[in-house]
Structure formats: structure tokens, C-alpha cells
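Just below is one structure, and these are the notes that go with it.
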Amino acid sequence: MNQRLTPATAFLLTIPPLLWAGNAVVGRLLQGLVPPVTLNFLRWVIAAALLLPLAAWVLRPDSPLWQHARRFAMLGLLGVGCYNALQYLALKTSTPLNVTLVAASSPVFMLAIGALFFGHQPVARQYLGAVLSMAGVVVVLSRGDWDVLLQVRLVPGDVYMLLATAAWAWYSWLLTRPGDPPEIRANWAAFLLAQMVFGLGWSGLFAAGEWVVGAAPIQWGWPLIGALAFVAVGPAILAYRCWGLGVQRVGPNLAGFFANLTPLFAALLSAAFLGEWPHPYHAVGFVLIVGGIVASSRR
């Protein structure tokens, strides 16, 4: 982790928010077709099945995974079991504006958790970057109209998204901790599958609880199958791979600012699929968010 942002690393860290924006859109569209926590479980079942041919050896009894079970169980809980389950649950009861606004607090959680639990003291440029980046998100979410923000009201879904954002910040910091078995850490498929092994247990447990309390039946069909394929391959495998590499290179504080590109990509996807074209305030928001990234990455 050298904190130097190169074009290649910036590209890596741009892919996840693009896929996460698509994940949020798909998650919203799937409301009524599949219960939210069950959706999270199904996506990881498919993702794990896709990774098995590449890294099945990590599940052998003599694998070093089992000697580090506690760490991978925590990674699986935060990154696989909690984050997207809470996000899908939030989309059920909260508006997209509220969910995106809460998720945009990611850099703040990154800075706070790093300072409180990982001994990382932010510097002035990181505070400046956080302010600029958050300002850009607010401009986008308010659509250039401050009256829109005055209409925001917290609902249970916003609390779920706060918990999800905190879980993701903690997960990102854990990725920077040394001590993983070298043969697992050096193999991206094995590293992801090691997290999924425990994450499937957590997400399966949560999904079972959802059905116990009375989940609506799954509406199987090609729309659901296609959506599951996307959320398993894109936001699950590809985004986690790129995010893990980016965090290892520049650290979670700087990487966290890239997460604020998600609402901008969501605006572009809305234009592509819903006919809602970008406006000048999107350009202003983009400049502020990129400015936050640049400010936080300068030495």
C-alpha cells in the first residue's frame, strides 16, 4: 500500500462504482420478484459456483484457509453476508435518493474507522477531499435544487444503509491487514472464494431468518435469471476483485472517495435505461468528486 494513485489504479477503482450503480438499479427493479436478503444469498451462491473451477483447492482439508478461519469469517460476514443484504433491504423501504445519500458517506466512515480502530490518522488533504467529494454528491442528489434535500426524511431503509456503509468501510480496512496465507492472497479467485465460503454461511443464515418471518415467494422467470447472472458476475466477482486490488495499492481512505462516483454512474444508467438525461449539475458534481479524489491523493 503506497498511497500513490496511478492511472491503472484509478481505472481499477472506477469499475466497482459503475457495477455498484448497476447493482442498485437491478436491486430496485427486482423488488417483488425475490426477497432482498434471499437475493443476496442467491447471487453469492452463483458467484461461488463460478469460482470453484478456478480455486477449488482452497476448500481442501489441508488448505491454509482453515488456520485463518476467524479472519475470513469476519471478511465473509462484512463483505458477503451484510453489505449487499442490507442494501437490498434498504431499497425495499427507502427511496433511491436517501439510499444513495447515505451510501455517499463512505469516505467519512473510512476516515473514522481507520482513525479509531486501525491507528491511521487522516491528514488535512484527506479532510479536504472528503468535503469536496461529499459536496459533489450533494449537488448530484439535490439535482441543483437545495429544496430537494429539505424533503429527505429518514426511514428504516436509511438505517440499514448506514449499517451497510459502516460494514463496507470495516471490510475495506481489513483488506489492508497483513497475515493472510500467501498462496491464498496471491490468487484472486482463491482469496474471494475463501471469503465466500464463510459469507455463504452468514447470508444463508440471514436468508433463512427472512423466510421464517414470512418472505414473499420468489417469482422465477427470465428477468430474475438474467438479473442474478449480472449481480453475481459483475458486482460480486468483478467489482470485488477490482476493489480488493485498488485498496491494497492505495489504502481504503483514498479508495473510499471513488465510491462516490456511484451516484454519477447511476445518473448515466438512468439516462440509458429510463430516458433521464444528465444535466449541468451532473458535470458540477463530477468535477467536485474528482477534485476530492485528486486532493486526497496528493502528497
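Numbers here are sequence positions counted from 1.
- Residues meeting the side chain to side chain donor-acceptor pair (under 3.5 Å) test with Arg60, sequence neighbours left out: Asp62.
- Looking at Arg71, its side chain does come within 3.5 Å of a backbone N or O of Leu174 through a donor-acceptor pair.
- Ring pair Tyr171/Trp168: centre-to-centre distance below 6.0 Å.
- Follow the hydrophobic side-chain contacts under 4.5 Å out from Val37 and you never reach Val212; the two are in separate clusters.
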Give every donor-acceptor pair under 3.5 Å between a side-chain atom in residues 217-234 and any protein atom, sequence neighbours left out.
none

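- Rounded to the nearest 0.5 angstrom, Leu89 CG and Tyr160 OH are separated by 5.0 Å.
- Of the possible donor and acceptor atoms, none in the side chain of Glu210 sits under 3.5 Å from a partner among the backbone N and O of Phe206.
- Here the shortest heavy-atom pairing between Val58 and Ala190 reads CG2-O, 4.1 Å.
- Remark: the backbone N or O of Gly199 is paired with a side-chain donor or acceptor of Ser203 at under 3.5 angstrom.
- Ring-centre distance between Phe198 and Trp44: not below the 6.0 Å cut-off.
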Pair up each side-chain donor or acceptor in residues 79-87 with any protein partner under 3.5 Å, not counting sequence neighbours, and list the distances.
| from | atom 1 | to | atom 2 | distance (Å) |
| --- | --- | --- | --- | --- |
| Asn84 | OD1 | Asn23 | ND2 | 2.8 |

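- Rounding to the nearest 0.5 Å gives a distance of 10.0 Å between CG of Leu39 and CG of Leu33.
- Leu245 and Trp243 are members of different hydrophobic clusters when ILVMFWY side chains are connected at heavy-atom separations under 4.5 Å.
- When atom types are taken as modelled, the side chain of Trp202 and the backbone of Ala73 share a donor-acceptor pair closer than 3.5 angstrom.
- Connection of Leu205 to Val197 is not established within any shared hydrophobic cluster, with ILVMFWY side chains joined at heavy-atom distances below 4.5 Å, either directly or through further cluster members.
- Distance check, rounded to the nearest 0.5 Å: OG1 of Thr9 to CZ of Phe258 gives 8.5 Å.
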- Decide side chain to side chain contact (heavy atoms under 4.5 Å, CB included) for Trp188 and Ile237; before the verdict, give the C-alpha distance in whole Å, the side-chain angles of both, and the deciding distance to 0.1 Å. CA-CA 10 Å; Trp188 71 271; Ile237 295 179; 3.8 Å; yes
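- Across every non-hydrogen atom of Phe72 and Ile184, the tightest pair is CZ-CG2, 4.0 Å.
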